[in-house]
Amino acid sequence: MEVFRALPPAFFDQPPPMVARALLGARLVRRVGDAVLAGRIVETEAYLSAGDAAAHGARPMTQRTRVLFGPAGRAYVYRLRQYALLDVTTEGPGVPGAVLLRAVEPVLGAEHMLALGGGADVRRVASGPGKLCRAFAVDLTLNGADLTDADGPLFLAAGPPEAFEVRVTPRVGITRAQAAPLRFVVAGSASISRP
DNA sequence: CACCAGATCCTCT
DNA sequence: GAGGATCTGGTGG
């Protein structure tokens with residue numbers, strides 16, 4: 001079985017586009033009860049810390065967005081309609097940049113993910129930011145969780161060395177700053193939210 | 001206190 | 001490709 005070594009805090013102390021790109025191929029790991037769920041990250045989006053009208057951090061801090069303004073490497077979990085969405089915070093306190101985790105390919109615990117809902121196709125069980133949170137049982141209680149802690153309930157780990165092609169496209173589902181090329185995708189993956 | 005927008009998903013046609 | 005589900009924080013009266 002793959003060994004999961006948490007990414008260090010320094011990994012997240014760089015601008016969101018760099019973190020978003022570097023997270024492709026990394027592992028999202030979730031411990032829930034006795035089960036361990038893991039996925040290979042295949043789609044991310046960067047939300048800039050300044051000058052990005054689509055970013056939650058573009059507006060003054062509120063109770064909901066306070067994690068965004070805290071330290072890097074934390075889970076920013078919020079709700080959209082009936083779904084939770086998961087971001088990783090980047091850069092230091094006071095700098096609200098983040099990376100949205102949009103899709104992963106199941107690596108471990110696929111059965112468990114399917115049991116949480118999302119259809120019958122393993123490849124598509126976490127092929128979208130809302131579906132990803134459902135498959136990994138990520139909810140608001142994980143808001144603020146330290147994603148650099150390999151002993152915690154949710155963390156990010158380095159993936160094995162591999163070569164893949166990265167595609168950069170505009171972000172999905174937003175109403176402002178739609179043109180900015182800040183979505184990063186592992187080309188050819190069957191688990192991304194859309195081509 | 002009322003209204004509403006929203007980084008989604010699923011089910012139709 | 002369109003529309004509805006469904007809900008919470010943020011904003012303004």
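Proteins get letters first, then strands, A, B, ... in listed order; numbering begins at 1 in each. As the structure is a prediction and not an experimental result, all values here were calculated from the model.
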Requested in this report: Would you kindly give the CD1-to-P distance between A/I174 and B/dA5, to the nearest whole Å?
Outcome: 18 Å
Requested in this report: Please report, rounded to the nearest Å, how far the C1' atom of B/dG6 is from the OH atom of A/Y76.
Outcome: 11 Å
Query raised in the report: How many Å lie between CD on A/Q178 and P on B/dG6, as a whole number?
Result: 11 Å
Report task. Convert the base pairs of DNA chain B into dot-bracket notation, remembering that pairs crossing earlier ones are written with [ ] and that bases paired across to another strand are shown as |; include only Watson-Crick or G-U pairs under 3.5 Å. Result -> ||||||.|||||.
Report summary line: Contacts of A/E111 meeting side-chain hydrogen bond (donor to acceptor under 3.5 Å, both in side chains) (sequence neighbours excluded), chain-then-number -> none
Report task. Under 4.0 Å from any atom of DNA chain B, heavy atoms only: list the residues of residues 131-145 of chain A that qualify, in numerical order. Result -> A/K131, A/R134
Report summary line: Within residues 51-60 of chain A, those residues having any heavy atom closer than 4.0 Å to DNA chain B are A/A54, A/H56
**Report entry** Distance, rounded to the nearest Å, where A/R66 contributes CZ and C/dG9 contributes P
**Finding:** 11 Å
Query raised in the report: Considering all heavy atoms of both residues, which atom of A/I41 and which atom of A/L23 are nearest to each other, and what is their separation?
Result: CB-O, 3.4 Å
Query - Flag if over 12 foreign heavy atoms under 6.0 Å of CZ, A/R31 - result: yes
Report task. Could you list the residues that satisfy side-chain contact (heavy atoms from CB on, under 4.5 Å) with A/A180, not counting sequence neighbours? Result -> A/R171, A/L182
Query raised in the report: Distance from A/T44 atom OG1 to A/I192 atom CD1, nearest 0.5 Å?
Result: 11.5 Å
Query raised in the report: Taking atom CG of A/L37 and atom CE of A/M113, what is their separation to the nearest 0.5 Å?
Result: 5.0 Å
Query raised in the report: Between A/R194 (CZ) and B/dC9 (P), how many Å, whole number?
Result: 11 Å
Query - Rounded distance (nearest 0.5 Å) linking atom OG1 of A/T169 with atom CZ of A/R194 - result: 8.5 Å
Donor-acceptor contacts under 3.5 Å from residues 8-22 of chain A side chains, at least two apart:
{"residue": "A/Q14", "atom": "NE2", "partner": "A/F11", "partner atom": "O", "Å": "2.8"}

Query - DNA chain B contacts among residues 12-27 of chain A, heavy-atom distance under 4.0 Å - result: none
Using atom names, set out every protein N or O paired with an N or O of nucleotides 3-7 of chain C below 3.5 Å, distance rounded to 0.1 Å.
{"residue": "C/dA5", "atom": "N6", "partner": "A/R81", "partner atom": "NE", "Å": "3.0"}
{"residue": "C/dA5", "atom": "N6", "partner": "A/R81", "partner atom": "NH2", "Å": "3.4"}
{"residue": "C/dA5", "atom": "N3", "partner": "A/Q82", "partner atom": "NE2", "Å": "3.4"}

For residues 72-82 of chain A, which side-chain donor-acceptor pairs fall under 3.5 Å, sequence neighbours excluded?
{"residue": "A/Y76", "atom": "OH", "partner": "A/H56", "partner atom": "ND1", "Å": "2.8"}
{"residue": "A/R79", "atom": "NE", "partner": "A/R81", "partner atom": "O", "Å": "3.2"}

Query raised in the report: Where do A/A103 and A/L132 come nearest, in terms of heavy atoms and distance?
Result: N-CD1, 3.7 Å
Query - A/R124 CZ to B/dT8 P, straight-line distance once rounded to whole Å - result: 15 Å
**Report entry** Atom pair CZ/CZ of A/F136 and A/R30 - distance to nearest 0.5 Å
**Finding:** 9.5 Å
Query - Partners meeting side-chain hydrogen bond (donor to acceptor under 3.5 Å, both in side chains) with A/R123 (sequence neighbours left out) - result: A/D121
Query raised in the report: Among pairs that include at least one residue of residues 173-190 of chain A, which meet salt bridge (Lys or Arg N to Asp or Glu O under 4.0 Å), considering only residues two or more places apart or in two chains?
Result: A/E43-A/R183
**Report entry** salt bridge (Lys or Arg N to Asp or Glu O under 4.0 Å), paired with A/E105, selected from A/R40, A/R27, A/R124
**Finding:** A/R40
Query raised in the report: Given atom CZ of A/R102 and atom C1' of B/dT8, what is their separation to the nearest angstrom?
Result: 9 Å
Query raised in the report: Is A/Q63 atom CD crowded by more than 12 heavy atoms from other residues, nucleotides or ligands, each under 6.0 Å away?
Result: no
Report task. Would you indicate, yes or no, if B/dA5 has its OP1 or OP2 atom less than 4.0 angstrom from a side-chain nitrogen or oxygen of A/T175? Result -> no
Query raised in the report: For A/A150, what residues pass the side-chain contact (heavy atoms from CB on, under 4.5 Å) criterion, not counting sequence neighbours?
Result: A/A6, A/F155
